[in-house]
Amino acid sequence: MKIRFVASDERVSGTVVVGIWEGKEPTAAARRWDEASGGALSRALAAPTRFKGKKDEFLPILAPPNVRATQILLAGLGGRQTLDARVMRDLGGNLLAQLNGAGETEATFALDLGAPLPVGEAEAAALLAFGAELRSYRFAKYRTREKPEKKPSLEELNVATADPAAAKRAHEPLRKTAEAAFFVRDLISEPANVIYPESLAREAEKLKDLGAIVEILDEGVIRRLGMGSLLGVAQGSARPPRLVVIEWRGGAQGEAPLAFVGKGVTFDTGGISIKPAAGMESMKTDMAGAAVTIGLLRLLAARRAKVNAVGVAGLVENMPSGTAQRPGDIVRSLSGQTIEVINTDAEGRLVLADALWYCQNRFKPRLMVDLATLTGAVVVALGHDRAGLFSNNEELAERLVAAGKATGEEVWRLPLAESYDREIDSDAADVKNVAGGREAGSIIGAQFLQRFVGGVPWAHLDIAGVAWSKKDAPTVPKGATGFGLTLLDRFVAAHYEAP
Ligand code: BES
Ligand code: MN
Ligand code: ZN
């Protein structure tokens with residue numbers, strides 16, 4: 001799909017989309033199109049339909065008289081006071097879905113949101129385009145017999161705006177964000193026979209082209225460093241592990257970096273504590289945290305963010321085999337703490353234990369945020385539209401909550417406390433990887449991680465419920481969501497980038 005910003009909505013072919021405020025109140029552009037089409041809009045609005053101009057309401061006027069457009073699509077804008085950046089972005093996404101659903105190939109947005117807007121006119125146009133772009137994502141590379149009528153139809157999208165050059169400038173970072181989101185969604189969607197530790201590391205290595213510094217630690221280096229916890233998970237697989245380390249130095253020299261750490265279990269069978277067969281295929285997404293971490297660094301590099309950042313991703317495959325670790329095994333983590341592995345399916349925390357310790361010890365970061373599809377329990381607690389947030393730092397937690405609200409990738413804070421921590425004291429080692437029962441499973445996971453963050457301001461996002469979606473959302477078609485990318489990009493831009 002080609003996106004263009006245009007100065008005028010006159011003489012357009014295909015569908016022209018015009019905005020109608022709640023209460024059937026036409027925008028100025030709607031009035032112009034009404035006049036040009038000999039009153040076709042007024043007649044449609046007067047006809048008995050359910051269309052009231054509310055958000056997500058659409059009313060098509062097919063083959064309107066006197067105009068080149070083959071269709072005028074009335075789009076409900078809702079109430080003026082509810083319009084914010086997120087709503088505009090979502091409107092672009094919903095419109096894209098509507099147009100593709102109707103089989104349209106060319107469309108022009110002439111929404112004419114007018115003043116006063118919470119963002120500038122150019123920014124509003126850019127947000128509409130951004131939303132449409134995000135919604136247009138598909139993972140269809142393995143569908144070789146797809147019927148043409150199943151493919152998305154929209155080829156050209158024009159966005160009418162007073163100053164197309166300004167809109168294009170405003171769109172540039174958003175275009176890069178969409179690109180990074182697609183990269184992340186692709187990585188998560190790919191099956192585990194395509195994306196495994198080595199191949200995922202190769203994808204990360206491509207960030208060198210954008211000026212990032214990328215180091216891939218192989219199994220030998222990981223062993224020499226002493227990452228016994230990560231290696232214990234990897235040892236059951238024929239695929240060797242990798243540790244990805246990405247640095248983006250866009251800030252002042254010597255300034256402590258922001259650190260992001262991702263769980264990259266390219267497939268999670270559960271290991272010897274094996275998972276049931278039903279639904280196990282979804283465990284190809286157990287590297288979503290690593291994908292978002294790599295994607296975020298890619299985005300920061302692509303938009304040359306004025307900040308120092310590092311991304312660390314621990315990549316392993318969790319398999320049962322003759323070489324797999326057993327329940328009861330005790331491993332020595334990089335931090336020196338010994339871990340009793342009670343359940344080999346609580347593997348994400350074992351990988352992160354070494355990745356987090358390595359990250360804080362090597363980079364002395366200003367703060368550390370990890371992303372992990374860590375627990376099924378967080379899905380029970382929060383379902384599929386909020387991620388779990390845990391933090392040892394109030395300011396960090398507040399900033400993440402705010403960035404979540406602004407981007408629609410919402411997070412909900414859950415507690416950490418000494419009493420939970422007691423549950424993972426082990427009789428045989430320093431710590432065990434699960435508590436006795438199933439209670440407070442997500443908190444227990446977070447408490448385990450906290451033992452490996454060395455007192456750095458840290459937050460953990462448990463994205464198990466939000467990394468994959470079974471239904472379409474305005475800017476996220478069903479499938480891999482890339483949850484966390486726009487949230488963390490916003491978090492960085494809002495608080496840590498030099499102007
Ligand atoms: N990768 C899973 C968590 C998960 C569950 C992610 C559902 C996405 C959807 C994780 O490694 C896991 O298996 N966790 C166990 C922990 C338990 C053994 C303490 C779980 O949640 O059952
Ligand atoms: Mn597991
Ligand atoms: Zn897992």
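Each ligand, and each atom within it, is numbered from 1 in the order the structure gives. Keep in mind that what you see is a predicted model, and the values were worked out from it rather than measured. This chain uses plain numbering: 1 for the first residue, then up along the sequence.
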Is the NZ atom of Lys54 crowded by more than 12 outside heavy atoms at less than 6.0 Å?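 Atom NZ in Lys54 is not packed in, count stays at 12 or less.
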Counting only heavy atoms not in Arg490, do more than 12 sit closer than 6.0 Å to its CZ atom?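 No, because the 6.0 Å sphere around CZ of Arg490 holds 12 heavy atoms or fewer from other groups.
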Just verifying a value: how many Å separate Leu157 CG and Ile3 CD1, rounded to the nearest 0.5 Å?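 If I round to the nearest 0.5 Å, the distance is 5.5 Å.
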Between the OG1 atom in Thr373 and the CG atom in Leu461, the distance rounded to the nearest 0.5 Å is 12.0 Å
Report yes or no: does a heavy atom of Lys263 sit under 4.0 Å from some atom of ligand 1? yes
Does ligand 1 have an atom that lies less than 4.0 angstrom from a heavy atom of Met283? yes
Look at [atom] and say which protein heavy atom is nearest, naming residue and atom and giving the distance to 0.1 Å.
| atom | result |
| --- | --- |
| atom 19 (C) of ligand 1 | Val434 CG1, 3.6 Å |
| atom 1 (N) of ligand 1 | Asp286 OD1, 2.8 Å |
| atom 2 (C) of ligand 1 | Asp268 OD2, 3.6 Å |
| atom 16 (C) of ligand 1 | Arg349 NH2, 4.0 Å |
| atom 18 (C) of ligand 1 | Asn343 ND2, 3.5 Å |
| atom 20 (C) of ligand 1 | Gly376 N, 3.8 Å |
| atom 17 (C) of ligand 1 | Ala346 CB, 4.4 Å |

Partners passing ring pair (Phe, Tyr, Trp, His ring centres under 6.0 Å) against Tyr358 (at least two apart in sequence or in another chain): none
Can you list the residues that meet the ring pair (Phe, Tyr, Trp, His ring centres under 6.0 Å) rule with Phe390, with sequence neighbours excluded? His460
Check Leu374 against ligand 1 and report side chain, backbone, both or neither, counting heavy atoms closer than 4.0 Å. backbone
Any idea which part of Asp345 is under 4.0 Å from ligand 1, heavy-atom wise: side chain, backbone, both or neither?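 The part of Asp345 near ligand 1 is both the backbone and the side chain.
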Could you grab the protein N, O or S atoms closer than 2.8 Å to the Zn ion (ligand 3) for me?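 Those protein N, O or S atoms (cut-off: under 2.8 Å from the Zn ion (ligand 3)) are Lys263 NZ, Asp268 OD2, Asp286 OD2, Glu347 OE2.
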Got a donor-acceptor contact below 3.5 angstrom from the [X] side chain to the [Y] backbone?
| X | Y | value |
| --- | --- | --- |
| Ser391 | Leu396 | no |
| Ser153 | Glu104 | yes |
| Asp430 | Thr338 | yes |
| Glu247 | Val310 | no |

Listed as residue and atom, the protein N/O/S atoms under 2.8 Å from the Mn ion (ligand 2) are Asp268 OD2, Asp345 O, Asp345 OD1, Glu347 OE1
Electrostatic pair Asp472:Arg135 at N-O distance under 4.0 angstrom: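 A salt bridge links Asp472 with Arg135.
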Between Glu497 and Arg303, is there a salt bridge with N-O shorter than 4.0 Å?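 So Arg303 pairs with Glu497 through a salt bridge.
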Residue Glu347 vicinity, atoms of ligand 1 by number, heavy atom under 4.0 Å: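 Checking each atom against Glu347, I get 11 (O).
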Numbered atoms of ligand 1 (with element) below 4.0 Å of Ala464, judged on heavy atoms: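 Under 4.0 Å from Ala464, ligand 1 has these atoms: 6 (C), 8 (C), 9 (C).
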Quick one, Met368 and Leu258 - any side-chain contact, counting heavy atoms below 4.5 Å? no
On the ring face of Phe139, is Arg185 found with NZ or CZ under 6.0 Å from the centre and within 45° of the axis?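 No, cation not above the ring by the 6.0 Å, 45° rule.
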Is the Tyr496-Phe491 ring centre distance short of 6.0 angstrom? yes
What are the two closest non-hydrogen atoms of Ser136 and Phe182, and how far apart are they?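 Where Ser136 meets Phe182 most closely, the heavy atoms are OG-CZ, 3.9 Å.
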